[in-house]
Amino acid sequence: MIISIPVGFRALPLPVAQLSLAAVLQCGQSFRWSVFPLPYPDFSVNPDAPRHEYRVCLRDRVVCLRQTPDTLFYRAVYPSPSLDPKEEANKDAETLSWIRDYFQLDVDLLDLYSQWSKLDPVFHKLKDRFEGIRVLRQDPFECLLSFICSSNNNITRITKMVRALCTQFSSPVISLPPPNAEPGTELEPYHPFPPPSALSAPEVTATLRTLGFGYRAEFIQKTAKMLADNHNTSATSSAKMQEPAELWLTTLRQMSTSEARNELLKFMGVGRKVADCVMLMSLDKREVVPVDTHVHQIATKHYGMSSSSKSKAVKTTMTPKLYDELSSKFVGIWGEYAGWAHCVLFTSDLKAFASYGLETSSPSPSAPPSMSTTPTISAASTPSASPAKRKRAASKINVVKTEVVATVAEVSEDGSLAERVKRRRQLRVVATDPSK
DNA sequence: CCTAAACCCCTG
DNA sequence: AGGGGTTTAG
């Protein structure tokens, strides 16, 4: 099979089993990729030719990707066309290294798939249908704001909102025609994701509301302002560089899962689910399994999971306790890369998963053995403390109101989710209203 | 410590 | 009517 390299693209050998762009770029991890169908006259001539081009704007360039069963084609387009060749080569190397980082290509997905298959019969039956699904390593600020938008929402609308955020609050770096377009086709502007400083002004809330963000408008602006106020203390030297607040968010990669979660929960509009998504998809917390209502449904139906306290039907509400139970059970099943396994099963092809359930649900509830017992969970995912210590910490917060920050720092080692939320509320007061 | 309702917009 | 959630009030 001969595949010609598209003009301007470089080739990176990569089996589609290691990465499937079609599955990964549109499954609700990132909401900013544009997809273009490639108008080939006849695919029967070359059935393996790429059908789509994917594009996204990164800082000063637009990255374009195409894929065949064994090759990833990539190129970047820059605003200034006449660079000297050496500079050009540098930038291309930069683009390749960004791709390797963004798709985490050093992680062998085939290894993981075979591990999960041994650990989980349900996964074993499904794995062939979900090739090449991996967790992206996204920019933390973009990830945080995108998932604040995700509450009570669907992928289509989140995508529209994130797009609106970019077109409204950042300048386009370049305008390009769609791939394989006729001459004279209208150019399309490409906007990078806006930095915190562009979203922190109070008027931003109203603008976002007119753009259809609803109650999330305030969350976005408050979160951006909190980041800018706390971390953008010195000016950013270059427009191409990240702001200090963005760099600070990235440092959460160095922290433990529970520490990073505590930091994220301080932001307005960020609860457990959003925090976990941000940690999994941008902060290297690969064991974290975010739980939403859909995961809950599948968990009870296919894995025999149900809240230990309430043995009601599938109609139970998602309490913090239930969330913890479900999340830790999946970590117990899938292990170190549990979040990645979750991604394969739940955020790719939900309909295929549902149909699988219809086929096999009646004969035998083939739940994995680890379901029945409480699995051992790493300390990082479920911090525990003596009840006495916890109580002391909680009461301290209620009494002391003036030195909240110091108190929080002291007790932030542990605590239930509810307690963390309480602490967050007080922290927000300090962070957003210094006068009080 | 835990539960329930509102929130804003889009889709069925 | 209800949704891949969070906040606020009880």
Side-chain angles (χ1 to χ4, degrees), chain A residues 26-31 143-165 205-223 226 261 264-278 280-281 288-301 307-310 312 314-327 330 339 342-351 353-354 385 387 390-395 397-398 415-429 432:
Chain A
Q26 292 176 287
C27 69
Q29 290 194 60
S30 169
F31 303 93
C143 197
L144 176 62
L145 264 56
S146 298
F147 280 93
I148 287 176
C149 294
S150 77
S151 73
N152 247 338
N153 212 343
N154 55 62
I155 292 177
T156 311
R157 181 149 85 109
I158 301 166
T159 303
K160 283 178 194 160
M161 289 162 69
V162 171
R163 195 175 303 279
L165 205 54
T205 305
T207 308
L208 289 176
R209 280 208 174 253
T210 67
L211 292 171
F213 278 63
Y215 59 86
R216 304 166 197 86
E218 200 180 358
F219 294 163
I220 297 287
Q221 184 269 331
K222 280 247 173 72
T223 293
M226 190 169 148
R261 183 181 286 129
L264 292 174
L265 288 175
K266 293 174 188 169
F267 295 108
M268 195 65 81
V270 178
R272 174 68 188 266
K273 162 76 185 343
V274 170
D276 282 1
C277 286
V278 173
L280 174 63
M281 301 177 199
V288 169
V289 177
V291 176
D292 55 36
T293 59
H294 188 74
V295 169
H296 181 206
Q297 285 170 20
I298 302 293
T300 55
K301 190 172 178 183
S307 175
S308 55
S309 53
K310 292 204 171 185
K312 282 208 167 187
V314 285
K315 192 64 181 150
T316 56
T317 54
M318 180 56 60
T319 63
K321 190 185 173 201
L322 216 203
Y323 187 113
D324 265 332
E325 280 180 23
L326 292 175
S327 187
F330 280 120
H342 151 275
C343 193
V344 173
L345 286 193
F346 296 111
T347 68
S348 61
D349 193 339
L350 308 172
K351 281 170 187 164
F353 191 90
R390 208 176 279 183
K391 193 171 183 177
R392 172 173 58 83
S395 62
I397 289 172
N398 289 334
S416 69
L417 178 66
E419 285 165 6
R420 284 203 297 271
V421 170
K422 269 186 199 163
R423 293 202 284 275
R424 162 182 56 173
R425 300 239 163 84
Q426 309 220 351
L427 256 188
R428 277 178 189 157
V429 174
T432 57

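Chain A is the first sequence line, chain B the second, and so forth, proteins listed ahead of strands; every chain is numbered from 1.
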(message) Could you spell out the base pairing of DNA chain B as a dot-bracket line? Use Watson-Crick and G-U wobble contacts where both distances are under 3.5 Å, [ ] for crossing pairs, | for partners on a different strand.
(response) .||||||.|||.
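- Between Arg216(A) and dT6(C), a side-chain N or O to OP1/OP2 separation shorter than 4.0 Å is absent.
- For the pair Thr293(A) and dG4(C), the criterion of a side-chain N or O lying under 4.0 Å from OP1 or OP2 is met.
- Contact record, Cys149(A) with Ile220(A): SG-CD1, 3.8 Å, taken as the closest heavy-atom pair.
- Rounding to the nearest 0.5 Å places CG of Leu322(A) at 9.5 Å from OG1 of Thr300(A).
- For Arg157(A), the side-chain atoms get nearest to dC8(B) when compared with the rest of dA4(B), dG4(C), dC8(B).
- Val274(A) comes within 4.0 angstrom of sugar-phosphate atoms only, judged by non-hydrogen atoms across all strands, and of no base.
- Taking atom CD on Glu218(A) and atom P on dC8(B), their separation rounds to 9 Å, with Å as the unit.
- Distance Leu322(A) CG to dG4(C) P: 16 Å, rounded to the nearest Å.
- Distance CG (Asn153(A)) to P (dG4(C)): 10 Å, rounded to an integer number of Å.
- Annotation for Gln29(A) and Cys343(A): closest pair NE2-SG, 3.4 Å, computed over non-hydrogen atoms.
- Taking only side-chain atoms of Phe219(A), from C-beta outward, the nucleotide of dT7(C), dG4(C), dC7(B) with the closest atom is dT7(C).
- With sequence neighbours left out, Ala164(A) forms a side-chain contact (heavy atoms from CB on, under 4.5 Å) with Leu211(A), Phe213(A).
- Between the CG atom of Asn152(A) and the C1' atom of dT11(B) there is a distance of 13 Å, rounded to whole Å.
- No donor-acceptor contact under 3.5 Å links the side chain of Tyr323(A) to the base of dG5(C).
- Here the C1' atom of nucleotide dC9(B) and the CD1 atom of Ile220(A) are 15 Å apart, to the nearest Å.
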